[in-house]
Amino acid sequence: MDFLNFLDFKVTDILDIILVAILLYYIYKLVRGSVAINIFLGIVIVWAFWKLTELLGMEMISSMVGAFMQVGLIALIIVFQQEIRKFLLMIGSTNLANRKKFSKHFKFLKQEAIATETNVDAIVEACEKMATTKTGVLIVIERNTALDFIKSSGDQMDIKITQPILESIFYKNSPLHDGAAIIVDNYIVATRVILPVSNSRSIPLRFGLRHRAAVGITEKTDALALVVSEETGTISYIKNGEFVLYKDFKELSTLIKEDLV
């Protein structure tokens, strides 16, 4: 019978199914923990119902649902604008598009590119020391995505990274401690920066606005974030909107260095 023709699988059909499954998985990862997850599941159910009615030859209901899916595309772009932005950013931040890796081959064309590696050890050591005094810290390290759109919300700086400098910035009585410090290469380029706050429901309630801001900026860009909690003194490392686990400060330093390569 004709309606059983779909059972005649080809290699390309299997590959097609695998690619769709991978795409749906990554879309699910993007919207997981947010309000958008319910909308995403609703879309999948409606789409599956549409394809089922097409397969069974139910032309009237199939055309109605199909028209709804087409008209609703514009509405979905508006609803999922943050998720679409994050998805495109994730694609643009892959190794194939890693501008820093690519530019390393051309360092001889630019003398300024020499010795600009971020002093990760100084950053981690400063966070470790401030954690003992439960000093609140929020550090954002730029990678491929330029953070110019948030730098302007704070005070512009151009200070080479050292442990004492970072400690003095986040000292509780310092006028610069409130907000985030932005690091580009081996320089602190802005302080008191206001970051976008994440609305993700997957963030544990014990974390406050400082952690939500770190998650927010790493959701919208490929930046890395370090947070020292004022309440517990624990150091959180956040990447791609998620908390990265580590065993000790040595491993934390290694993870950051690997992510900055």
Side-chain angles (χ1 to χ4, degrees), residues 29 32-34 82 86 118-143 145 147 150-151 153-155 157 159 161-184 186-260:
K29 281 188 68 177
R32 182 182 58 190
S34 66
Q82 293 295 337
K86 185 178 177 183
T118 306
N119 190 349
V120 175
D121 291 332
I123 298 172
V124 173
E125 287 169 7
C127 289
E128 182 181 358
K129 189 169 182 181
M130 288 185 283
T132 60
T133 58
K134 295 185 178 180
T135 301
V137 175
L138 177 50
I139 297 173
V140 178
I141 307 173
E142 181 183 280
R143 290 204 287 176
T145 307
L147 300 177
I150 60 167
K151 292 175 192 173
S153 66
D155 298 326
M157 299 283 175
I159 309 171
I161 294 172
T162 64
Q163 181 180 338
I165 286 293
L166 286 169
E167 291 177 19
S168 64
I169 288 174
F170 290 103
Y171 178 64
K172 292 180 180 179
N173 294 328
S174 168
L176 302 176
H177 83 283
D178 196 19
I182 308 299
I183 290 176
V184 178
N186 200 35
Y187 290 87
I188 302 165
V189 298
T191 56
R192 293 206 308 170
V193 173
I194 300 172
L195 301 180
V197 178
S198 173
N199 293 318
S200 175
R201 294 185 295 178
S202 63
I203 303 174
L205 295 176
R206 66 179 181 274
F207 294 128
L209 287 176
R210 188 177 281 111
H211 289 84
R212 286 192 170 273
V215 173
I217 191 61
T218 57
E219 282 178 339
K220 292 177 171 59
T221 71
D222 66 345
L224 308 174
L226 281 167
V227 182
V228 178
S229 171
E230 277 186 311
E231 287 74 27
T232 63
T234 55
I235 302 174
S236 300
Y237 177 43
I238 302 168
K239 179 179 72 170
N240 297 328
E242 297 181 352
F243 290 79
V244 180
L245 300 178
Y246 60 91
K247 290 184 287 188
D248 50 38
F249 295 120
K250 184 178 179 181
E251 184 181 3
L252 173 61
S253 182
T254 301
L255 288 172
I256 297 173
K257 289 175 182 176
E258 289 175 352
D259 289 330
L260 289 176

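Note that the numbering runs from 1 along the sequence shown for the chain.
The closest side-chain heavy-atom distance from I150 to T221 is not below 4.5 Å. Contact annotation: the side chain of V124 approaches that of I256 to within less than 4.5 Å [non-hydrogen atoms, C-beta and beyond]. In this structure, the side chains of R210 and V228 stay at 4.5 Å or more apart for every pair of heavy atoms.
Here the straight-line distance linking atom CG of L255 with atom NZ of K239 works out to 7.5 Å at 0.5 Å rounding. Atom-to-atom distance recorded for I217:CD1 and D222:CG is 10.0 Å, nearest 0.5 angstrom. From I139, atom CD1 reaches atom CD1 of I169 across 8.0 Å, with rounding to the nearest 0.5 Å. Note: D155 CG to I188 CD1 = 13.0 Å, rounded to the nearest 0.5 Å. Atom CZ of residue R206 and atom CD of residue E231 lie 12.0 Å apart, to the nearest 0.5 angstrom. Remark: E125 CD to F249 CZ distance equals 10.5 Å, nearest 0.5 Å.
Although no hydrogens or angles enter the test, the distance criterion places no donor-acceptor pair under 3.5 Å between the side chain of E251 and the main chain of Y246. Using modelled atom types, one side-chain atom of N186 and one backbone atom of N119 make a donor-acceptor pair closer than 3.5 Å. At least one donor-acceptor pair under 3.5 Å links the side chain of R212 to the backbone N or O of S198.
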Apply side chain to side chain contact (heavy atoms under 4.5 Å, CB included) to residues M157 and I182 and explain how you reach the verdict.
CA-CA 9 Å; M157 299 283 175; I182 308 299; over 6 Å; no

Assess the residue pair L224 and V244 against the criterion (side chain to side chain contact (heavy atoms under 4.5 Å, CB included)); give the C-alpha distance rounded to whole Å, side-chain angles, the decisive distance to 0.1 Å, and a yes or no.
CA-CA 10 Å; L224 308 174; V244 180; over 6 Å; no

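When every heavy atom of C127 is checked against every heavy atom of L226, the shortest pair comes out as SG-CD1, 4.3 Å. Scanning both residues, L147 and E142, for their nearest heavy atoms gives N-OE1, 3.0 Å. Taking every heavy atom of both residues into account, T135 and E230 meet most closely at C-CG, 4.2 Å. Heavy-atom minimum distance, H211 versus S236: NE2-OG, 3.5 Å. In this structure, T218 and G241 approach most closely via the heavy-atom pair OG1-N, 3.1 Å. Closest heavy-atom contact between L138 and F170: O-CZ, 3.4 Å.
Other residues, nucleotides and ligands contribute at most 12 non-hydrogen atoms within 6.0 Å of the NZ atom of K250.
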